[in-house]
Amino acid sequence: MTIDVIAIDGPTASGKGTVASLVAQRLGFHYLDSGALYRLCAYACLKHGVDLADEKGCGAAAAGLEPVFKDGRIFLEGEDVTETIRQEAVGIAASKVAMLPAVRAALLDVQRAARKAPGLVADGRDMASVVFPDARLKVFLTASASARAQRRYKQLIDKGISANLRDLTRDLTQRDERDRQRAAAPCIPAPDAHLLDSSGLTIDETVAAVLAWWKRLAA
Ligand code: CDP
């Protein structure tokens, strides 16, 4: 029997992570934050001085990743990197290593191994197009660049990390471009994805929209 997957893709700070984990909670499904794997790979490269454009070196770092997920925390080589990998600098580095096909290939099996009963909600850029093309429900979550920059700003400030809205908007636009323009698994909606613009929606309304699509499918 195939295990159901709900794929939630979209650009940076579109709210996918929050929405995907809440949908998973509501359905009692597992949750895959695929971006965390790219962030971990980028962090490992930065830590070991691997050039972010060195495909062989970054691919080896991705293949050798042995993260430990325990009690909501993430450890890499014994170091608690839960907060470190959320830093903007690591996100930017992640979008650079994510351009490399060797890195994407190395992370494919780890992501597919997350597909476990009773179901999986996976968030990222290519969940619907590459990793789980047979996902039962595909959602592409967007929001305007200014709404996303505001959200990311609030997220960082709430965590006590200093941030500047103008720099965030610039970095976010550059990251969007890199994610959209790359040849390998670009961040674009799958042809069969439902588009959801959350600019004017609360988290709860966005979660409700995804659950309504799911209910309709399950009916
Ligand atoms: O939280 P945010 O949306 O900013 O980023 P993330 O989902 O943690 O992903 C960080 C970076 O990893 C993105 O900018 C993408 O370039 C890359 N990524 C990817 O290429 N494919 C995925 N499935 C997930 C993330």
Side-chain angles (χ1 to χ4, degrees), residues 5-21 31-46 52-53 55 58-59 61-62 65 67 74 81-112 114-115 120-133 135 138-143 145 147-156 158-159 161 163 167-190 193 198 206:
V5 175
I6 299 178
I8 304 186
D9 291 303
T12 185
S14 55
K16 341 174 268 315
T18 312
V19 169
S21 65
Y31 166 55
L32 169 69
D33 168 9
S34 64
L37 297 172
Y38 288 92
R39 287 174 180 268
L40 284 164
C41 174
Y43 179 69
C45 291
L46 293 171
L52 300 179
E55 178 157 14
C58 294
L65 275 185
I74 310 177
V81 295
T82 318
E83 276 87 32
T84 319
I85 62 161
R86 296 294 153 198
Q87 289 173 5
E88 277 307 284
V90 180
I92 292 168
S95 82
K96 292 184 179 162
V97 298
M99 293 169 69
L100 308 170
V103 168
R104 307 202 70 85
L107 295 180
L108 209 49
D109 286 348
V110 197
Q111 296 174 83
R112 289 190 175 145
R115 186 174 197 163
L120 176 72
V121 183
D123 99 60
R125 304 293 188 288
D126 61 342
M127 296 299 98
S129 54
V130 176
V131 184
F132 304 109
K138 301 179 177 182
V139 176
F140 194 84
L141 191 60
T142 51
R148 291 185 288 124
Q150 293 277 1
R151 284 179 194 167
R152 180 52 50 93
Y153 178 76
K154 190 172 174 305
Q155 230 173 37
L156 293 170
D158 285 350
K159 280 190 205 155
I161 302 172
D167 292 352
L168 276 178
T169 309
R170 185 203 55 213
D171 291 348
L172 182 139
T173 311
Q174 284 174 356
R175 185 126 73 98
D176 278 357
E177 278 304 295
R178 245 194 322 270
D179 286 355
R180 231 186 345 241
Q181 303 291 346
R182 70 184 177 213
C187 181
I188 47 172
S198 73
T206 314

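Reckoned from all heavy atoms, side chains included, excluding hydrogens, waters and symmetry mates. Each ligand, and each atom within it, is numbered from 1 in the order the structure gives.
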- Query: Going by the order shown, which atoms of ligand 1 are within less than 4.0 Å of some heavy atom of A13?
  - Reply: 3 (O)
- Task: Return the residue, atom name and 0.1 Å-rounded distance of the protein heavy atom closest to atom 12 (O) of ligand 1.
- Result: Y38 CB, 3.5 Å
- Closest non-hydrogen protein atom to atom 21 (N) of ligand 1, residue and atom name please, with distance? R104 NH2, 3.0 Å
- Query: Got the closest protein heavy atom to atom 11 (C) of ligand 1, with its distance?
  - Reply: A94 CB, 3.7 Å
- Between R182 and ligand 1, find which residue part has any heavy-atom pair under 4.0 Å and reply side chain, backbone, both or neither. side chain
- re atom 13 (C) of ligand 1, the protein heavy-atom contact at minimum distance is R125 NH2, 3.2 Å
- Taking it one step at a time, do D167 and R170 satisfy salt bridge (charged side-chain N to carboxylate O under 4.0 Å, His left out)? CA-CA 5 Å; D167 292 352; R170 185 203 55 213; 3.8 Å; yes
- Message: Checking the side chain of S14 only, and the main-chain atoms of A143 only, is there a donor and an acceptor separated by less than 3.5 Å?
- Response: no
- Query: For the residue pair C45 and C58, what are the closest heavy atoms and their distance?
  - Reply: SG-SG, 3.7 Å
- Is there a donor-acceptor contact under 3.5 Å linking the side chains of S95 and R178? yes
- Might you point out which heavy atoms bring Y153 and A163 nearest each other, and give the distance in Å? CE1-O, 3.4 Å
- Task: Please report which non-hydrogen protein atom sits nearest to atom 10 (C) of ligand 1, along with the residue it belongs to and the distance in Å to one decimal place.
- Result: R175 NH1, 3.7 Å
- Give the numbers and elements of all ligand 1 atoms closer than 4.0 Å to a heavy atom of A98. 16 (O), 17 (C), 20 (O)
- Task: Considering the heavy atoms of D179, write down every atom of ligand 1 situated less than 4.0 Å from one of them.
- Result: 13 (C), 14 (O), 15 (C), 16 (O)
- Message: For A190 versus K138, what's the shortest heavy-atom pair and its separation?
- Response: CB-CD, 4.3 Å
- So, do R86 and Q155 sit near enough that their side-chain heavy atoms are less than 4.5 Å apart? no
- Query: Can you find a non-hydrogen atom of M99 under 4.0 Å from ligand 1?
  - Reply: no
- Query: Nearest heavy-atom pair of R104 and A185: which atoms, and what distance?
  - Reply: NE-CB, 3.4 Å
- Query: Do any heavy atoms of M127 fall under 4.0 Å from ligand 1?
  - Reply: yes
- Query: By number and element, which atoms of ligand 1 are closer than 4.0 Å to a non-hydrogen atom of G35?
  - Reply: 6 (P), 7 (O), 8 (O), 9 (O), 24 (C), 25 (C)
- Message: Taking only non-hydrogen atoms of K16, do any sit less than 4.0 angstrom from ligand 1?
- Response: yes
- Query: Between D123 and ligand 1, is there a nitrogen or oxygen pair with a distance under 3.5 Å?
  - Reply: no
- Contact atoms of ligand 1, heavy-atom distance to R152 under 4.0 Å: 1 (O), 2 (P), 4 (O)
- Query: What protein heavy atom sits nearest atom 4 (O) of ligand 1, and how far away is it?
  - Reply: T12 OG1, 2.4 Å
- Check: S34 N/O within less than 3.5 Å of ligand 1 N/O: yes
- Above 12 or not: heavy atoms from other molecules or residues under 6.0 Å from NZ of K154? no
- Query: Which atoms form the tightest heavy-atom contact between V121 and I8, and what is the distance?
  - Reply: CG1-CD1, 4.0 Å
- Message: Taking a cutoff of less than 4.0 Å between a non-hydrogen atom of the residue and any ligand atom, is G17 in contact with ligand 1?
- Response: no
- Message: As an exercise, state the distance from CG of L32 to CD of Q111, rounded to the nearest 0.5 Å.
- Response: 6.0 Å
- Task: Number the atoms of ligand 1 from 1 as they appear, then name those within less than 4.0 Å of a heavy atom of G124, with their elements.
- Result: 23 (N), 24 (C)
- Item | Heavy-atom closest pair, residues A53 and L100 | O-CD2, 4.4 Å
- Query: Which residue holds the protein heavy atom closest to atom 8 (O) of ligand 1, what is that atom called, and what is the gap in Å?
  - Reply: R39 NE, 2.6 Å
